[in-house]
Amino acid sequence: MDRCHWRRDRRDCFVYQHKFDHGNLPLLIGILVGIAIFAIAGNLLWKAANRHDPARASETFRFFVQNQLGAIITLIAFLPLILLIFTDKNMDPQSKKVAGGVGAVLAVLATVIGVSFQPPSVEQYTQDMNTCAAQIKAGQPTTACSPEVAAQAQEIATDSAAVAAATKDAAHPAGQDVVYWIAPENGAAKSETEHVFHLCAAVSPLKGKTVNSGSVTEAYAQNAIRITKQIDMEQKQCGFTGSQ
């Protein structure tokens with residue numbers, strides 16, 4: 001039976017069938033270039049996805065795999081074909097040299113593009129978010145506001161100001177930056193669904209719930225990214241005298 005009938009990777013079948021032993025070098029190089037184009041495009045898309053949903057640096061193995069997966073997949077795509085080219089005893093030596101060299105160069109190029117040299121992490125984004133939001137609230141130059149964190153940092157700054165205005169009392173005439181939200185399920189670091197954060201733990205929407213508390217930034221980090229729409233009601237329930 002022809003081994004190519006059961007092989008999934010049809011690229012290698014051309015080599016097994018000796019399609020490139022005498023000629024067809026442009027076709028082989030075209031296949032290699034095509035693989036490189038798809039690999040580079042996939043690597044760029046994967047890096048973009050990681051910037052939007054980074055891994056935690058504290059989870060070392062997952063952090064490495066998630067950020068370097070593009071480079072790993074690129075090697076898996078290229079190495080078998082390059083090895084077949086160099087080990088094919090029937091291929092014309094000149095064709096083998098040219099095709100193998102082109103394949104090796106394309107593999108290195110696509111792999112390097114897939115490597116994340118400064119991989120994003122939840123911890124780094126949280127730190128940048130805190131700094132960016134603090135700069136916005138203080139009216140300072142927003143040197144920490146990278147495109148990845150700028151929009152949400154602005155939302156955090158806006159919500160922090162609203163919370164501060166709503167939590168003024170005799171003990172805190174300037175208000176507070178402490179809010180309360182439903183804790184992530186099963187002890188997770190972040191909720192799978194978006195939650196609302198509230199002015200205190202005694203409000204009716206939080207009764208009977210496991211509640212976390214912290215700054216608006218910390219609430220956002222656990223996917224509590226919407227301020228309550230019932231500020232007047234919650235002010236009364238929490239005993240705050242200020243107004244939004």
Side-chain angles (χ1 to χ4, degrees), residues 49-63 66-67 119-138 140 142 144-244:
N50 282 336
R51 287 195 294 271
H52 288 288
D53 186 18
R56 292 184 175 275
S58 57
E59 300 174 355
T60 307
F61 179 74
R62 178 182 176 183
F63 180 73
Q66 179 169 325
N67 284 290
S121 67
V122 172
E123 292 86 347
Q124 183 62 52
Y125 273 19
T126 300
Q127 179 180 338
D128 293 347
M129 193 83 69
N130 289 340
T131 304
C132 180
Q135 289 175 341
I136 292 174
K137 287 188 284 186
Q140 300 173 349
T142 52
C145 297
S146 64
E148 290 79 18
V149 303
Q152 195 168 79
Q154 180 62 64
E155 295 173 359
I156 290 173
T158 301
D159 287 346
S160 296
V163 170
T167 55
K168 293 178 180 178
D169 57 19
H172 306 92
Q176 304 175 62
D177 184 19
V178 180
V179 291
Y180 301 80
W181 63 93
I182 297 174
E185 299 80 1
N186 301 319
K190 183 178 180 179
S191 295
E192 294 184 359
T193 58
E194 295 180 1
H195 287 303
V196 174
F197 54 83
H198 305 270
L199 302 185
C200 70
V203 297
S204 51
L206 294 179
K207 287 184 178 179
K209 303 290 195 307
T210 302
V211 177
N212 282 354
S213 64
S215 66
V216 172
T217 302
E218 291 171 326
Y220 267 71
Q222 294 191 8
N223 208 21
I225 59 174
R226 291 182 290 128
I227 189 171
T228 177
K229 294 182 178 180
Q230 300 176 314
I231 288 182
D232 290 341
M233 181 195 76
E234 292 196 2
Q235 281 181 303
K236 296 176 182 178
Q237 292 181 343
C238 299
F240 296 121
T241 58
S243 60
Q244 184 180 13

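When a residue number appears, it is its place in the shown sequence, counting from 1.
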- Test log, rule side-chain contact (heavy atoms from CB on, under 4.5 Å), inputs Phe63 and Glu123: CA-CA 11 Å; Phe63 180 73; Glu123 292 86 347; 6.0 Å; no
- Item | For Ser213, side chain to side chain contact (heavy atoms under 4.5 Å, CB included) partners two or more places apart | Tyr180
- Gln66 side, atom CD; Arg56 side, atom CZ - distance, nearest 0.5 Å: 11.5 Å
- Query: Among all residues two or more places apart in sequence or in another chain, which pass the side chain to side chain donor-acceptor pair (under 3.5 Å) test with Gln230?
  - Reply: none
- Message: Quick check against the 3.5 Å criterion: does Glu218 have a side-chain atom that pairs as donor or acceptor with the backbone of Ser215?
- Response: yes
- Message: Using the side chain to side chain contact (heavy atoms under 4.5 Å, CB included) criterion, which residues pair with Thr158? Sequence neighbours excluded.
- Response: Gln154
- Message: Could you report the tightest heavy-atom contact between Cys132 and Ala150, atom names first, then the distance?
- Response: SG-CA, 4.3 Å
- Message: Among residues at least two apart in sequence or on other chains, which ones pass side chain to side chain donor-acceptor pair (under 3.5 Å) with Asp177?
- Response: none
- Apply side chain to side chain donor-acceptor pair (under 3.5 Å) to Asp128 and list each qualifying residue two or more places apart in sequence or on a separate chain. Gln124
- Query: What is the distance from atom CZ of Arg51 to atom CG of Asn67, rounded to the nearest 0.5 Å?
  - Reply: 11.0 Å
- Task: Determine whether Thr167 and Val178 make a side-chain contact, defined as any pair of heavy atoms from C-beta on separated by less than 4.5 Å.
- Result: no
- Task: Under the side chain to side chain contact (heavy atoms under 4.5 Å, CB included) rule, collect the residues that match up with Glu155, sequence neighbours excluded.
- Result: Gln152, Tyr220
- Message: Taking Asp53's backbone N and O only, do any of them form a donor-acceptor pair with Tyr125's side chain (distance below 3.5 Å, no angle check)?
- Response: no
- Query: Under the side chain to side chain donor-acceptor pair (under 3.5 Å) test, which residues partner Gln222, sequence neighbours left out?
  - Reply: Trp181, Asn212
Going by atom type alone, with no hydrogens or angles, which donor-acceptor pairs under 3.5 Å involve a side-chain atom of residues 188-211 and a protein atom two or more places apart or on another chain?
from, atom 1, to, atom 2, distance (Å)
His198, ND1, Glu234, OE2, 2.6

- Item | Partners passing salt bridge (Lys or Arg N to Asp or Glu O under 4.0 Å) against Glu59 (at least two apart in sequence or in another chain) | Arg62
